[in-house]
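Shown next, in C-alpha cells, is the structure this report addresses.
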2 protein chains.
Amino acid sequence: MRTNRPKISDVARVAGVSTATVSRVLSNPDLVSSDTREAVQEAIRATGYRLNLAARNLRHRRTGSIVALVPNLANPFFSEILSGIAAVLGEAGYNLLVADTCRTSAQALIDYAEPGRADGLIALDGRLPAEELKGKVPVVVACEWIPGLAAPRVKIDNRAAAGLAIDHLVALGHRRIGHVSGPRGNVLTEARIAGTQDALAAQGLLLAPADLHIGDFSLSSGREAAVTWLAQPAATRPTAMFFASDPMACGFIGEVQRHGLKVPEDVSVVGFDDIELVAHMSPPLTTIRQPRHDIGRLAAERLLARLKGETAMDDTLLPVDLVVRGSTAAPAA
Amino acid sequence: MRTNRPKISDVARVAGVSTATVSRVLSNPDLVSSDTREAVQEAIRATGYRLNLAARNLRHRRTGSIVALVPNLANPFFSEILSGIAAVLGEAGYNLLVADTCRTSAQALIDYAEPGRADGLIALDGRLPAEELKGKVPVVVACEWIPGLAAPRVKIDNRAAAGLAIDHLVALGHRRIGHVSGPRGNVLTEARIAGTQDALAAQGLLLAPADLHIGDFSLSSGREAAVTWLAQPAATRPTAMFFASDPMACGFIGEVQRHGLKVPEDVSVVGFDDIELVAHMSPPLTTIRQPRHDIGRLAAERLLARLKGETAMDDTLLPVDLVVRGSTAAPAA
DNA sequence: ACCGTTCATGCAAACGATTACATTGTGCAG
DNA sequence: CTGCACAATGTAATCGTTTGCATGAACGGT
C-alpha cells in the first residue's frame, strides 16, 4: 500500500489553506470564495490528491454501498435483475456489493445487514431469516419475498401469471394440464402452484397430484419431469405442461424430442421468465415474460427512497405478459 | 442511522477494561488472558456490540473489497465467472463489488481502481484504458486482456480453441467454413479470427472475406449472419459455420430453421462457451467449453495472492474442450 | 533479596476525512 | 464613528478502531 498518497492536509499545505477549506471545496464548493476554490483545485491537481472514501464514510456514518443477496449468481435470471440494480445504484453514486446466498454462511449473510457494512440490502432470496434482519439496515425484497419481514416488495403477481399460462392452454383446448414447480419451501413455488390450481378450477378442471412435479428451476429437473411424463401411458398423460421456469421447460423439451416426440404436436409447453435464448429455440418457447431489468431498477429505487426517509412499505406489483410462440398448440385430436 | 450502536468503548466500560483490550480480544485473542477474554466476550454479548468495518478499514488502510468490472452483467457468460469470483472472495472474507462497464462512466470506472475504494480489481473487460490503471490497486484480468497493462491474466488459449473447432469441421469433411466473430476491437475477436485462419491454413484452406461476419456476441447478430448466409447461393456458401459465442450460434440456427433448413443436414454449426442451455436445444449445440467458474476462481485467487505480496505476472492458461453434440455432421454430398 | 524476563494491560496517537464553533474582516445603516 | 450582519476561513473535536510504547506485576535464577 502506497504510504505516500497525498491526503487532504497535503493539499491544504500546498494551497496555503486549512484542511477545512479543502474539505469544503470538495463537498460544498459554494461556501468558499472563488479565488481560494481555484487555488485549492490547482493544489489538488498538483498533488494528485484523491479522496479516501473510507475516511469520509467513517465520518458520515455510512458506507456508500448497497448489498444484493442473490440465490445463485450463475443463473441468468438473476444476473439481469442485478444489471437493473447496478444501473440505478451506479447513477446514484452507490457501490453494489453482491453475495451468493447459496455459497455464503448464514452468519456471513446476516452480517451483510449490519450498518457499517452496507447502507441497505436488496434480497432476491426469500429464504433469509426475517428475525435476523430486523433492526438492521433498510431492506427491499425483489422477486421473492420474506414472510414476516416488514419490507417493501417489488415483484410480479405470480398467481395471476400462472393463470395467464393456464388460460392460454385451456383456450387452445387442453383439458389435462401438468405443472412443474420450483422447490418446496420457495414462496414462488407455492404462489405459482396455487395460481395454476385456481385457474384450472375456474375452468372446472383439476391439477391431478400425479401431474404436479416438484422441480428446482434447473434444466435437469425439467428433464426429470420429462422422464416421468414419458413413462405415463400416452392416452392419459397431460397434453400440456406449464413450467415455473424456462430452463425447466427447455430440459423437458430436449428430453421429449430426444425420444422422437414433437412439441407442440405431442405436448404443448409453457415456460416462465422469458429468458433471452428461448425465443430462438425450436420450437420457440411460449412463456410468461417478467420485466427483470425493471424489477431490479425499481427495487433499487425503492431502497434509495427508503434511505432518503420514505417509509411506505407497500408492495410494487409489475405487469407480466404471456408471450405466445411456437411451443403451444391445440392438443392432438 | 441508529446513533446508539454500541462501540468498542462501551464494551470496554461494561467489561471494566480499556478499549485496547477489547480490540485485542477481537483481532488477536491470544494476547489477552483467558479471564479478561471471557469478561470481554460477555460484555460484547451484553451490549450487542458489532464491529464497525469502516473504522477498522480506515485504520488498516484497506477496504476489504475487491471490485469486478463486467462488460455486461445481464450476460450469463459473465455471471458464471462472477459466481466463481464470489465463491473465492467470500471465503477469504472479502466483499465483492461489481460494476457494469457498459453502464458506468469512464471516470467512475477508473475511480474504482483507487485505493480506498477497493483493495484490488478484476477486469473482465479488455477495453479498459491501461494507462489509467497503472499505479493504482493490483489488477488481474480474466477472459479478455488489456494490451499494455502489466497484470496477471487468467484466460483460455483462444487461438487454440478456434483451432479445435475448425479441425473438427475439417475432419467431418467441410472445406468451406465461415466464421462469425465478436465486435471489432475486442481482443477475443482478433484471437479467434486468427485461430480460425491459422487452422484453416494448416489444412490448405482459406477464410474467404465473404465468409467472415463481424457480430457482437449477441443472439441478434447471429440471426443477422444467418440472413446474409441464406442470401448466398446454396451451392457456393459455407457448409459449416463457427461462432465466437453460443448465443450467436443459437440466433443463427433459429433463423435458418425458420427458413425450413436443417442443422446439421444443411449446415453444421459450432458455438463457443458452452452455456448451459445449448446442450438441450435441438439439435444440441457442438461448442467449445470454457471453464467459466474456474476462470473466476483462479482470477480471484491470483488477485488474493498478489495482495499477499506475490509478484509473478505470468498468464494462466486454462484448458478448453470441444464438446461434440448434434449440430455438426458431414456436409451433404 | 535483587534483577532481568515475560505477560497482561492501559494510554494515547494514529488512520483521513467532516463540521460545529470561533475568529476575522468587510460593508453598511444609523 | 459605532455596531451589526454576514461571508470566508481556521481550530479542533469527532467518527470507531488499531497498535507502538510504557507500565507494572509475577516469576525464576542466582
Side-chain angles (χ1 to χ4, degrees), chain A residues 1-41 43-44 47-65 93 111 114-119, chain B residues 1-41 43-44 47-65 93 111 114-119:
Chain A
M1 187 70 47
R2 339 190 71 65
T3 170
N4 49 354
R5 248 170 92 76
K7 47 172 88 172
I8 217 170
S9 62
D10 297 322
V11 178
R13 186 166 357 93
V14 171
V17 299
S18 75
T19 62
T21 302
V22 177
S23 172
R24 283 191 272 257
V25 169
L26 257 30
S27 34
N28 230 333
D30 310 327
L31 292 182
V32 356
S33 74
S34 56
D35 286 0
T36 348
R37 194 187 317 147
E38 273 168 34
V40 168
Q41 262 149 3
I44 289 180
T47 53
Y49 169 78
R50 312 253 50 196
L51 179 67
N52 180 317
L53 269 186
R56 166 180 280 185
N57 289 340
L58 173 59
R59 180 64 224 228
H60 278 160
R61 297 153 134 221
R62 56 160 245 160
T63 67
S65 350
D111 280 348
E114 289 296 332
R117 191 76 177 272
D119 298 333
Chain B
M1 187 70 47
R2 339 189 74 61
T3 170
N4 50 355
R5 248 170 91 77
K7 46 172 91 171
I8 220 170
S9 62
D10 297 321
V11 178
R13 184 163 3 89
V14 171
V17 299
S18 75
T19 62
T21 302
V22 177
S23 173
R24 284 191 271 256
V25 169
L26 257 31
S27 35
N28 230 333
D30 309 328
L31 291 182
V32 353
S33 74
S34 56
D35 286 358
T36 357
R37 195 188 316 148
E38 274 170 34
V40 168
Q41 262 148 3
I44 289 180
T47 53
Y49 168 78
R50 312 253 51 196
L51 180 66
N52 179 319
L53 269 186
R56 167 181 280 185
N57 289 340
L58 173 59
R59 180 63 223 226
H60 277 160
R61 295 152 137 230
R62 55 159 245 161
T63 68
S65 357
D111 280 348
E114 290 296 332
R117 191 75 177 272
D119 298 332

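Atoms considered below: every heavy atom in the structure, side chains included; atoms not considered: hydrogens, waters and symmetry mates. Labels below follow one simple rule: chain letters A, B, ... track the order of the sequence lines, proteins then strands, and each chain is numbered from 1.
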### Task
Check every strand shown and say whether B:Val17 touches a base, only sugar-phosphate, or nothing at a heavy-atom separation below 4.0 Å.
sugar-phosphate
### Summary
Across all chains, not counting sequence neighbours, the side chain to side chain contact (heavy atoms under 4.5 Å, CB included) partners of B:Val32 are B:Arg24, B:Val25, B:Thr36, B:Arg37
### Message
It should be established whether A:Ser27 places a side-chain nitrogen or oxygen under 4.0 Å from OP1 or OP2 of nucleotide C:dA17.
### Response
no
#### Entry: Under-4.0 Å side-chain N/O to phosphate OP1/OP2 contact, A:Lys7 with C:dC15
yes
### Query
Can you check whether B:His60 has a side-chain N or O nearer than 4.0 Å to OP1 or OP2 of D:dT19?
yes
## Note on the structure
Here the distance between atom C1' of C:dC15 and atom CG of B:Leu53, to the nearest Å, is 15 Å
### Task
With heavy atoms under 4.0 Å as the rule, sort A:Thr36 into base, sugar-phosphate or nothing.
sugar-phosphate
### Task
Between D:dT9, D:dT11, C:dG16, spot the one nearest the side chain of A:Asn52, thanks.
C:dG16
### Query
Between the base of D:dG10 and the side chain of A:Arg24, is there a donor-acceptor distance below 3.5 Å?
yes
### Task
Identify, between B:Ala55 and A:Ala20, the residue whose nearest nucleotide on DNA chain C lies closer to the 5' end.
B:Ala55
### Query
To the nearest angstrom, how far is B:Arg61 atom CZ from C:dA14 atom C1'?
10 Å
Between side-chain atoms of residues 7-15 of chain B and protein atoms elsewhere (two or more places apart, or another chain), which donor-acceptor pairs fall under 3.5 Å?
unit_1: B:Asp10; atom_1: OD1; unit_2: B:Arg13; atom_2: NH2; d: 2.7
unit_1: B:Asp10; atom_1: OD2; unit_2: B:Lys7; atom_2: N; d: 2.9

### Task
Grab the CD1-C1' distance between A:Ile8 and C:dC15 for me, whole Å please.
14 Å
### Query
Could you state the CG-P distance from A:Leu58 to D:dA13, rounded to the nearest angstrom?
17 Å
### Listed once per pair and sorted, the salt bridge (Lys or Arg N to Asp or Glu O under 4.0 Å) pairs that draw on residues 49-60 of chain B, sequence neighbours left out
A:Asp111-B:Arg50, A:Glu114-B:Arg50
#### Entry: Contacts of A:Thr19 that satisfy side chain to side chain donor-acceptor pair (under 3.5 Å) - sequence neighbours left out
none
### Message
Taking A:Gly116's backbone N and O only, do any of them form a donor-acceptor pair with A:Thr63's side chain (distance below 3.5 Å, no angle check)?
### Response
no
#### Entry: Options D:dT18, C:dA17, D:dA8, nucleotide nearest the side-chain atoms of A:Ser33
D:dA8
At a cut-off of 3.5 Å, list every protein nitrogen or oxygen paired with a nitrogen or oxygen from nucleotides 22-26 of chain C, distance to 0.1 Å.
none

### Query
So which nucleotide from C:dA17, D:dT19, D:dG16 ends up closest to the side chain of B:Ser23?
D:dT19
### Task
Please report, rounded to the nearest Å, how far the P atom of D:dT17 is from the CG atom of B:Asn57.
12 Å
### Query
Who are the side chain to side chain donor-acceptor pair (under 3.5 Å) partners of A:Ser27, not counting sequence neighbours?
none
### Query
What is the distance from atom CG of B:Leu26 to atom CD1 of B:Ile44, rounded to the nearest 0.5 Å?
5.0 Å
### Query
Checking all strands, does A:Arg37 fall into the base, sugar-phosphate, or nothing category for heavy-atom contacts under 4.0 angstrom?
nothing
### Query
Atom CG of A:Asn28 and atom P of C:dT19: how far apart are they, to the nearest Å?
8 Å
#### Entry: Nearest-Å distance for atom pair CG/P, residues B:Leu51 and D:dC15
16 Å
#### Entry: Atom-pair distance (CZ on A:Arg13; P on C:dG16), nearest Å
13 Å
### Query
Which distance, rounded to the nearest 0.5 Å, do you find between the OG1 of A:Thr47 and the CZ of A:Arg5?
10.5 Å
### Message
I'd like to know if A:Arg59 reaches the base of C:dT18 with its side chain such that a donor and an acceptor end up less than 3.5 angstrom apart.
### Response
yes
